Structure formats: structure tokens, C-alpha cells
Amino acid sequence: MTARTLLFLLATLIVGGSITSLASAYWTGFEEQAAGMSTAHATTINTGPKPRVSVDNASTATVTWAPSSAADGSQVDGYRVARYDSETHALQSIGPGCSGVLATNTCTELAVPLGSWTYAVTPTLGTNWRGAEGPESALVVVSPKTLTLAQYVFGASLPATTTGTLTGFLPNEPVTFELDGQPISGEPAQVDGSGAAAITSLAIPAGTADGWHDVVAVGHATPAPSRAVASVLVDSVAPTFTTATIPTPNAAGWNNTSPVEVKPIYGDGAGSGLAAVMYTTDGTDPKFSPTVQMATGPRTVAATETQRSYAVDVAGNATATRTHEVKIDTQDPTYTSLPNVIEGGAYLGMLGLYYRGVDAGRITVSTTVVDGPGGSGAAYAATPALTGLATGFTHVASAVSTPEGGPYESNQISWVAGSSSDPSTTLSVADRAGNVASRQLALFNDSAPPIGGAVGVTGLAGADGRYATSQDLAVELTPGVDALSGLAGVGAQLLRATAPLEAGSCTTYGSYAQVGPDDPASSLVDTVPSDQACYRFRYRVQDHVGNWATYESPDIKVGVVAPSTLQPSGVAITPVSGVRSQHVSGMTIYINPSASGSFRVEADASDPASGVQHLAFPAMLGLKGGGAVSSAFAPSRYQATYAWVALSPAVSPGVQALTATNRAGRLMTNASAFTVRVDGAGPTGGAVTTPELVDGIHSATTTVQLTLAPGHDGGAGVAASEARLWRASAALSSAEGCGAFGSYTEIAGVGSSTSLADIVPAGSTCYRYAYHAVDNVGNVTVYSSGDIEVGPV
């Protein structure tokens with residue numbers, strides 16, 4: 001029967017229900033067509049066994065496991081081995097020795113990667129059937145075997161101990177130590193559960209010969225003990241050492257080029273090798289000096305020095321200290337030249353020698369030659385004859401070599417008054433080694449003073465920006481520039497003159513006198529003698545050949561303390577419009593806010609010296625006017641007008657200040673110059689009464705006796721003479737009393753009266769009175785009488 005036919009029969013059996021548990025069956029015989037009719041066999045495969053794994057020192061893992069079978073007791077015919085990452089459980093690629101389907105119960109995986117692993121086994125049967133993967137093995141750790149020492153080079157001081165670490169050994173593996181195959185002491189005797197250990201003590205014994213040696217950490221696990229090797233070097237011999245200068249110095253020990261190379265020359269044979277060359281250049285012993293430095297190779301030296309040095313190898317063996325001198329002189333001599341002025345003015349600058357040609361003069365040139373530390377020393381200075389246009393000049397060439405070492409003074413160079421030509425010569429100097437330095441020495445006429453300087457005082461203020469508020473003046477000095485010989489830097493002077501200060505103006509200045517010493521600083525404080533005065537400064541500076549420049553400051557007006565006359569005084573308040581709506585009492589003005597009006601405030605302020613800049617009248621809510629008034633309408637008299645409009649915002653009441661400012665910016669204030677009060681209410685507490693009426697209401701005659709009381713007013717006060725009396729009448733009925741009253745009619749001639757006998761027009765009539773009390777700003781309060789019945793007459 002073919003496999004295709006068998007598959008068809010199997011399918012028929014499955015459809016017909018003849019096989020009820022296909023999932024638990026395994027099948028064989030699909031590959032056995034040559035044997036005739038294949039067989040079908042149903043059972044289950046057991047779960048794979050848990051393997052055991054051992055790893056040797058070469059990272060080779062040997063995996064073994066028990067045989068596995070099917071549920072019916074028949075043996076499986078193969079196994080698959082898997083390796084997993086112990087942390088991530090990721091399936092790994094397994095080596096050839098354990099890959100594929102294995103027919104045995106053991107396998108060997110070579111070169112297992114470093115890491116932590118577990119192994120598992122899956123049994124198989126036939127080509128397509130397998131059981132469940134078995135449990136994973138115990139943790140397998142594959143790590144490198146290392147021996148690391150904290151010190152690997154040892155000098156002559158043996159025995160010596162060192163520390164280190166061990167890694168990659170088998171967990172808890174015993175360990176011993178050897179040096180070149182001979183046991184040496186070391187701790188610990190066993191690694192920890194991770195296969196690692198910290199070596200706390202490892203002895204390198206006395207008598208160990210110079211050279212390289214192997215230290216071995218030997219594990220004692222079976223069957224595959226661990227092993228790790230490290231090398232150490234013993235070196236007890238100091239290196240050879242000397243020092244050379246390159247290029248080689250001359251016979252006297254000098255080099256004439258710079259820099260030179262100071263090269264250590266050393267050897268250590270088969271030793272540990274040079275660690276460093278230690279040196280000093282300050283004369284101290286490098287073995288003990290705090291200034292010691294390290295040079296492991298050639299050093300570049302640019303100037304003369306004495307080097308003390310020694311060499312030390314890696315093992316710490318040191319040579320003796322050696323002294324090496326480096327002497328270098330490559331520089332031409334340097335020099336400074338100064339004109340020795342015999343007559344007139346002259347100065348040697350960067351570009352040449354400047355002379356003051358407007359006057360006659362004579363100089364010599366004094367030259368000091370410097371050959372530097374360790375140089376060969378000065379020899380001479382020379383000034384040949386003048387060249388170029390030398391009209392008015394005389395000079396005889398000179399080459400001066402005495403006194404020994406200098407300074408060397410040339411022959412005279414002289415000129416006549418009015419000279420303006422620019423001759424030149426060459427100034428040359430030499431040292432004893434023949435190094436020559438020279439430059440052209442040109443002569444330039446300089447008969448012009450410095451320019452661009454200034455003298456002034458900072459911190460000024462006031463109306464014109466020229467007032468100082470202290471007698472300590474901060475003076476700033478700018479010397480300017482001089483394009484030829486330059487500023488001398490010495491001999492400058494500061495001078496000061498004084499003038500009266502009148503009404504803010506400076507009048508006639510007196511003579512100038514010097515302030516302080518010569519050469520004042522660029523910033524200084526000059527305390528002037530008087531307040532309320534004017535000052536000017538002059539700053540005199542000269543250039544190097546004696547030309548003087550004079551700079552003059554503008555006026556400085558000193559106004560420190562304002563006079564008492566600056567305080568506003570003589571205040572007067574005058575109503576201007578709406579007179580009836582305001583009232584002045586002393587320095588207080590009362591205004592009626594329900595009316596409109598204006599008033600004027602005047603005050604005096606003066607400052608004879610600085611003058612008045614302005615007098616500030618206050619701004620007040622609800623009032624227009626005030627502000628800073630700078631023009632007096634009369635000598636020392638200032639005024640401002642205020643106005644208010646009925647129903648405008650409420651006027652701010654209270655005490656008002658006047659402040660006068662002088663032109664120096666000083667203020668003086670009259671804090672209670674005047675007062676503005678708002679009075680919008682009429683008198684209170686008054687009345688119109690009829691004391692002689694019967695029962696307070698009946699009069700038997702047509703003469704009614706009245707008592708008038710205007711009351712009092714807490715503001716502007718009662719205007720008694722302004723009071724008015726009005727009368728109204730009504731019919732009198734015996735049955736109904738007083739009828740409807742008509743309009744009021746003013747009774748003339750009341751004024752400030754407090755009592756009045758009013759003869760009414762008729763009897764048998766009712767009367768009523770209205771008494772109008774008025775205050776000084778026009779507020780009216782009306783007091784009304786009761787009804788008065790005048791009987792038949």
C-alpha cells in the first residue's frame with residue numbers, strides 16, 4: 001500500500017469516527033513502504049527529563065539526561081537540546097555538538113559564550129512527533145578566568161605583598177597560588193559562589209631574581225579545575241643616567257642659539273624601564289624639593305639655567321642627583337638712551353629725538369647698555385656725524401667705550417634758536433661677544449604745545465547745569481595729547497580763580513592761584529573756600545621739550561546752602577471773581593463749591609546769589625491753576641491764580657505748601673503757607689421766634705414782636721449783615737384757622753438786627769415769617785416761624 005493510499009484510509013477512519021483521540025497518538029510507518037503494509041500506533045510521549053550540565057575551564061558544556069519513553073513504555077528515538085538566557089529566557093543558538101536531533105543521552109557544546117544559561121531537553125519520536133520540553137537545568141555560568149594584580153612591578157624591597165582579583169572560577173572553587181611553579185602564600189583560599197574573589201594578600205618572596213615571573217592562581221575543582229595567570233617583574237637595579245645639551249656648547253660652555261634641548265640619556269637594560277626624570281632649576285635638590293618637576297623626555301630651554309636632576313625607573317630605583325649647567329647668550333645687547341639737556345629742551349622718544357627748535361639748545365646722548373642676565377657685557381656706544389638736512393646743528397662723531405660697562409655719553413649735539421630741520425644719526429651699541437644693536441636716531445623739531453585737554457567739574461546741576469551742591473568739587477583733568485614729543489607727565493599744575501555770584505551770574509574773577517601740588521591726579525576733590533561764589537580752573541600741562549598748554553574750565557557756581565529769604569513768605573490771598581462765593585480769613589480762604597470763582601495767591605522768595613528758578617504753587621483737586629512760576633511780577637514777588645467751577649469735582653481742602661527753588665536746585669518750603677477750606681453749608685442753630693404771642697400763636701395787635709437768631713457757622717462764619725426777613729399771609733377763619741398762605745414779601749431793613757417789631761398790614765389775618773441767615777461765602781439757611789394769628793383790631 002502506498003503512503004498516499006494509507007493517508008486516504010486514515011482520513012476515512014477519522015471521518016467515520018473510528019479514531020477518537022488523534023491528539024494522544026503517535027504514528028509510525030509512513031517511511032516504511034518497503035516493509036509492506038505500514039502500521040499505526042497510538043500513545044503519548046512523556047515530558048523530557050531535566051538535564052545536568054557541567055562546564056570545564058575551556059568553556060565546554062557537557063549536558064547529560066535520563067532516557068525518555070512514551071506512555072506505553074516504548075523508548076523514544078531522539079532528543080533535542082535547547083539553551084536559554086537565564087535572565088531573558090531567550091532561546092539561544094546552540095553549538096554543533098548539541099544541535100539537531102540527538103540519538104544519545106549526552107552531548108558536548110564547545111566554546112559556550114560567556115554568560116548565564118540554562119539547558120532543556122525535548123524527546124522526539126519518528127520524524128514529526130515530540131513530547132513536551134522538560135524542566136530547565138540548574139544555572140550554568142560561563143565566564144573568563146582572570147587573575148588581576150594591583151601591582152605587577154617590584155623593586156629591591158622584597159619580600160612584598162600585593163592585592164588583586166580573581167574572576168571566572170567555578171563557584172566556591174578552592175584556590176592556591178604559585179610563582180614560576182613554586183607555591184607562594186596568598187589569600188583567600190576559595191572563591192565565592194559567583195566564581196570570583198578579592199585577593200587580600202599575595203606574597204612575592206625575598207630572593208626572587210630580577211626579571212619576569214609568572215604568578216598562577218590554581219583552582220582545585222574536579223574534573224576541570226580553573227587556572228589564571230598574571231606576570232610580574234622584579235627590578236632592583238637603578239637605571240644609568242646622564243644629561244646632554246644639544247647643540248653641544250662651545251669650549252666655554254655657552255650656546256649662542258636658543259632654544260636648546262636638554263636631553264636625558266638613560267638606560268635600564270632588561271629592567272622595568274624609565275618612569276621619569278625629576279628636576280629642579282632653582283638650585284634645590286629634586287629628591288627633596290617642593291618645586292620638583294618631571295621631564296620624561298628632552299626639555300626645551302630658552303635661557304641660562306642650572307638643572308639638578310635624577311632618573312627613576314618604574315620599580316622605583318633612583319639614580320644619584322646630577323647637576324647640569326645650560327648657558328645661553330643669543331641676544332644683541334639692549335640699551336636705553338636719554339638726552340642730557342645742557343640748554344633748551346629735548347626728549348628721546350620712540351621715533352627719535354625731539355628738540356624745541358624755537359630756542360637754542362645743547363645736549364649729549366647718554367646710553368646705558370644692558371646685555372641681559374648671563375650676557376657677555378657692554379662694550380661701547382657710538383654716534384656718527386649727522387646726516388640729512390642739518391641746518392643750524394653742530395655735532396662731532398663719537399664712539400665711547402669708557403667707563404667700563406657704561407653708561408656712555410656722546411659728544412654734544414647743539415642747535416641755534418629757530419632751527420626746524422630734521423637731521424639724523426645712527427646710534428649703535430655692542431657687547432663683548434660682538435653682538436651689535438643699532439637704530440637710526442632722527443631729530444624732530446617740536447615747538448607746539450599739547451592739544452585736546454580739558455578741565456571740568458562733574459556732578460553739576462541746577463538751572464543751567466553749572467551749580468555744585470557741595471564745596472567739595474569733583475575736578476576731572478584731561479591732559480590732552482602731543483603728537484610729537486608727547487606729554488611730559490610731570491610739572492602739570494591746577495590753578496583756581498574766584499568771582500562773586502550775583503543773581504545766578506558770575507561777575508569779575510580775581511587772579512589764579514595754584515591748587516594743590518604739581519602733577520595732580522586726573523580726578524581729584526578741591527574744597528573751595530566759600531559758598532555762594534563762582535570758580536574757574538586752569539590746567540597747565542607741558543610736553544617733553546617744555547611747550548606748555550593751558551586749559552580753562554567754564555564757570556562753576558557753588559550754591560550749597562540756600563538763604564532764608566528763599567523760603568516763601570509774605571503770603572496774601574485775594575479774591576478775583578465770584579467774590580461773594582469766597583471769604584479770606586488770615587491765610588485761610590473759604591470757598592463755596594456750589595458757586596464759581598477765582599482767587600490769587602502771592603508770596604515772596606529771593607536768593608541774591610543764585611537767584612530764584614521758580615516758586616511752585618500747589619495743584620489742588622477741583623481747582624485750576626497753580627504750578628511752577630518762574631517770573632516775578634514784582635521784585636521777589638510771585639503769584640498764581642486758582643479758579644473753580646460750580647458742580648466740578650470736590651476741591652481738596654487743607655493746608656497748602658509753597659516751595660521755592662533757586663537756580664542751584666536748592667529748595668525751601670513753607671509747609672503751611674495758606675489753607676483752602678470748602679464751605680458748602682449754611683449757618684445752623686438759628687431761629688425766628690415770637691416770644692410775646694399769647695399761647696405762642698395769637699397777637700392782639702398788628703405789631704408782632706420778633707426775635708432773630710442767625711445761628712453759627714463752622715466754616716466761613718455768619719455774615720450777619722446779609723440776613724433777610726420774609727413774610728407771607730393767609731386768611732384767618734374763626735372756624736378753620738389759617739387758610740392758604742400766599743407768596744413771601746421781603747421786609748426791608750433787617751440786616752444784623754436780632755429783634756424786630758413788625759407792623760403787619762391788617763388784622764384778622766394769619767402771618768408766617770422766613771428768616772434767611774447767610775454765611776460769608778453765600779450759603780443760606782432759612783429759619784421759619786410758626787403761624788401767627790392776628791385778631792381783629
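Everything numeric here is computed off the predicted structure, so don't read it as measured data.
For the pair Thr304 (side chain) and Ile328 (backbone), a donor-acceptor distance under 3.5 Å is present. Remark: side-chain polar atoms of Thr240 are paired, donor with acceptor, to backbone N or O of Gly267 under 3.5 angstrom. Under the 3.5 Å distance criterion, the side-chain polar atoms of Ser289 are left unmatched by any main-chain donor or acceptor of Thr284. The backbone N or O of Asp180 sits nowhere less than 3.5 Å from a side-chain atom of Glu178 that would complete a donor-acceptor pair. The backbone N or O of Pro286 sits nowhere less than 3.5 Å from a side-chain atom of Tyr279 that would complete a donor-acceptor pair.
The distance from the OG1 atom of Thr367 to the CG atom of Leu338 is 8.5 Å, given to the nearest 0.5 Å. If you take CG on Leu477 and CZ on Phe537, they are separated by 9.0 Å, rounding to the nearest 0.5 Å. Rounded to the nearest 0.5 angstrom, Met278 CE and Asp285 CG are separated by 12.0 Å. A distance of 5.0 Å separates NZ in Lys145 from OG in Ser226, rounded to the nearest 0.5 Å. In this structure, OG in Ser309 is found 8.0 Å from CZ in Arg322, a value given to the nearest 0.5 Å. From Leu487, atom CG reaches atom OG of Ser485 across 8.0 Å, with rounding to the nearest 0.5 Å.
Other residues, nucleotides and ligands place more than 12 heavy atoms under 6.0 Å from the CG atom of Leu158. Counting heavy atoms of neighbouring residues, nucleotides and ligands inside a 6.0 Å radius, atom CD of Glu305 exceeds 12 of them.
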* **Intermediate values then yes/no, side-chain contact (heavy atoms from CB on, under 4.5 Å), Thr243 and Ile265** => CA-CA 6 Å; Thr243 305; Ile265 301 173; over 6 Å; no
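Aromatic pair Tyr354/Phe444: centroids less than 6.0 angstrom apart. Ring centers of Tyr355 and Phe393: under 6.0 Å apart, within the cut-off.
In this structure, Arg356 does not pair ionically with Asp446, as no charged nitrogen and carboxylate oxygen lie closer than 4.0 Å. Taking 4.0 Å as the cut-off between side-chain N and carboxylate O, Arg299 and Glu261 do not count as a salt-bridged pair. Using a 4.0 Å cut-off between charged nitrogen and carboxylate oxygen, Asp464 and Lys557 count as a salt-bridge pair.
In terms of heavy-atom proximity, Val301 sits nearest to Val326 at CG1-CG1, 4.1 Å. The two residues Ser424 and Ala442 have their closest heavy-atom pair at CB-CA, 3.8 Å.
Partners of Thr306 by side chain to side chain contact (heavy atoms under 4.5 Å, CB included), not counting sequence neighbours, listed by chain and number: Thr323, Glu325. Here His213 pairs with nothing under the ring-ring contact (aromatic ring centres under 6.0 Å, His included) rule; sequence neighbours left out. The ring-ring contact (aromatic ring centres under 6.0 Å, His included) search around Tyr467 returns none, not counting sequence neighbours. Legend: residues meeting side chain to side chain contact (heavy atoms under 4.5 Å, CB included) with Ala497, ordered by chain and number and at least two apart, are Tyr509, Tyr512.
Taking the side chain as every heavy atom from C-beta outward, Val429 and Tyr380 never approach each other to under 4.5 Å. Residues Trp212 and Ser231 form a side-chain contact, since some pair of their non-hydrogen atoms from C-beta on lies under 4.5 Å apart. Residues Leu274 and Asp313 form no side-chain contact, since every pair of their non-hydrogen atoms from C-beta on lies 4.5 Å or further apart.
In this structure, Lys287 forms a cation-pi arrangement with Tyr310, its terminal cationic atom sitting closer than 6.0 Å to the ring centre and no more than 45° off the ring axis.
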Side-chain donor/acceptor pairs under 3.5 Å, residues 198-208, sequence neighbours excluded:
| from | atom 1 | to | atom 2 | distance (Å) |
| --- | --- | --- | --- | --- |
| Thr208 | OG1 | Pro205 | O | 2.7 |

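In this model, no donor atom of one side chain and acceptor atom of the other lie less than 3.5 Å apart for Ser428 and Thr426.
Listed by first then second residue, pairs satisfying salt bridge (Lys or Arg N to Asp or Glu O under 4.0 Å) with a partner in residues 517-527 read Arg496-Asp526, not counting sequence neighbours.
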